[in-house]
Amino acid sequence: MTGLWRPIWAILVTLSAGQVWASHTAFAELLLTPAQIDQAQSFGPWPPPRLKDPSNHVSGVPEAIAFGQALFSSPVLSVNGTQACISCHRPEEAFAEPLATSQGFAPLDRNSQSVVNAAFNRWFGWDGSTDNLWAQSLHPIIDNAEMGHTPRSLKESLLKSDLRARYEAVFGDPAQDDPERLLVNVGKALSAYQETLVSGRSSFDQFRDQLADGDLTALTYPAAAQRGFQLFVGKGRCHFCHMGPHFTNGEFQDAGIPYLLPGNRVDSGRFGGLKALFDSPYTLAGPYSDDPDRSGAWATKAVRPNHADFGAFRVPSLRLAAKTAPFMHDGSLATLTDVVTHYNEIDMERMHTDGIAILEPLGLNQQEIDDLVAFLMSIGDGDIPQ
Amino acid sequence: MHAHARAQRGAFLWGLITAICMLPSTAFACVSDDAFLPLTAERPSAPEAFVLIDPITAVKPFAMTVRFCDEGAAISDVTVDATMPAHRHGMNYQPDITNIGEQAFKAENLVFHMPGHWQLAVSARFDTELYNYTLDITVK
């Protein structure tokens with residue numbers, strides 16, 4: 001190659017390479033308004049700092065965490081040795097239940113929620129019948145339909161199992177513990193383990209942090225997800241309940257999902273959950289809390305029962321929505337598109353007539369539904385611990 | 001009076017009136033801290049009332065101090081509550097009210113569990129007369 005052709009050829013090659021590079025690293029345009037950028041900050045940072053649970057004296061203790069992990073997969077926790085926590089909270093399914101409703105000794109009425117990020121909740125379970133993670137962990141063990149133990153039978157099973165030595169290393173000789181205390185200790189070890197299950201940063205978190213840093217030059221967050229966020233905090237009004245870094249206010253809402261059950265039964269949701277809470281000895285206000293100040297007990301003492309609690313269920317975090325189908329308390333909605341469609345077409349006749357004017361049909365078109373789903377998927381694409 | 005002296009007195013009076021108008025509304029109330037917000041009384045005859053609110057983060061419990069201005073009145077039956085008028089619901093938790101003296105009351109464990117417009121509702125009995133107050137608060 002001679003004369004002028006060499007530099008011309010070099011220029012052409014450089015331009016071509018630049019085009020290829022640009023097409024592979026096409027940065028996204030920022031669609032959010034300044035007000036929406038500000039709103040995006042309220043959904044982070046993630047993950048939040050993990051604090052020890054003052055009501056659980058083995059919170060954060062490595063031996064308790066390891067023992068809790070062993071317990072989580074042990075069928076010793078079921079009276080006939082056939083069920084373990086992982087039977088419903090499957091690690092390969094983000095510690096959630098891929099079936100609509102779970103199966104214990106009997107068919108259960110609700111979908112088992114993921115225990116990832118559970119440590120950040122104020123209330124636990126779909127009905128908020130517990131106010132702490134160790135109580136939530138022990139209840140299935142002594143539920144007749146779930147794992148079927150009594151405190152006494154659990155103690156007998158543990159004493160005969162290969163977990164006895166591990167219990168002793170954390171809590172002392174299990175033979176010396178009364179059955180209730182042993183049950184609570186098992187719950188506390190399970191809780192210590194579950195506290196370590198925190199989801200990783202998602203593509204939304206990366207986008208949010210870039211906005212916080214003012215780094216707008218290399219955005220890769222897709223336009224569809226940005227439009228979805230705009231709907232989430234705008235027309236969709238999702239953020240009224242799904243707010244903050246956990247994408248939930250942790251409270252209870254009637255979302256228009258039926259609560260009638262087969263056999264002329266009803267799932268009363270929060271209404272029944274509060275009754276169970278007030279009757280439970282395992283609350284943050286109760287004798288098994290290790291916190292001398294009972295600092296978390298204010299919520300249990302101050303919560304106001306309301307007739308609108310009937311059929312209301314805990315607002316779930318959306319952090320894992322991308323990985324924990326199906327959805328709603330009864331697992332009746334198979335996909336996120338089904339969830340958005342449900343809210344888009346919500347039946348106002350079904351909602352409490354005297355009640356809370358939050359949910360109403362959204363009027364979204366198909367593109368908007370798809371965008372909102374794209375945003376929801378981007379919240380939950382972070383790594384799940386194994 | 002000499003015209004010049006009258007002009008001087010007039011200027012002084014206008015200056016004094018201007019200075020008074022520029023003072024914060026709390027300057028003549030029983031609170032001296034400008035951070036206290038005036039509550040809106042339902043009736044014009046109600047004693048003045050003010051509230052000092054801790055920073056509010058949605059979903060997290062917060063506290064406030066309510067101060068009434070009716071020296072000599074025995075204040076009782078103080079209630080503090082809040083609703084979201086657009087959503088037709090209230091708070092999910094009952095605040096704790098404590099008399100902290102000097103016609104001031106501490107309200108703790110208020111929780112605004114949604115962003116948006118809340119209306120604070122305060123009531124108090126002054127001797128035998130019950131008065132109601134409100135304050136609009138926007139939570140982001």
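Counting non-hydrogen atoms of neighbouring residues, nucleotides and ligands closer than 6.0 angstrom, the NZ atom of Lys106(B) exceeds 12 such neighbours. Atom CZ of Phe105(B) is surrounded by more than 12 heavy atoms from other residues, nucleotides or ligands within 6.0 Å. Around NZ of Lys52(A), the count of heavy atoms belonging to other residues, nucleotides or ligands within 6.0 Å does not exceed 12.
The candidate from Gly116(B), Pro95(B), Pro61(B) with the greatest count of non-hydrogen atom pairs under 4.5 Å with chain A is Pro61(B).
Atom CG of residue Asp309(A) and atom CG of residue Asn92(B) lie 7.5 Å apart, to the nearest 0.5 angstrom. The line from NE2 of His89(B) to CG of Asn306(A) is 11.0 Å long, rounded to the nearest 0.5 Å. A distance of 11.5 Å separates CG of Asn249(A) from NZ of Lys60(B), quoted to the nearest 0.5 Å. Rounding to the nearest 0.5 Å places NZ of Lys140(B) at 11.0 Å from OG of Ser42(A).
In terms of heavy-atom proximity, Arg122(A) sits nearest to Tyr93(B) at CD-OH, 3.6 Å. Shortest non-hydrogen contact noted between Arg304(A) and Met91(B) is NH1-O, 3.3 Å.
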ask   = What's the verdict on side chain to side chain contact (heavy atoms under 4.5 Å, CB included) for Val111(B) and Trp298(A), showing C-alpha distance, side-chain angles and the deciding distance?
value = CA-CA 11 Å; Val111(B) 178; Trp298(A) 69 269; 3.6 Å; yes

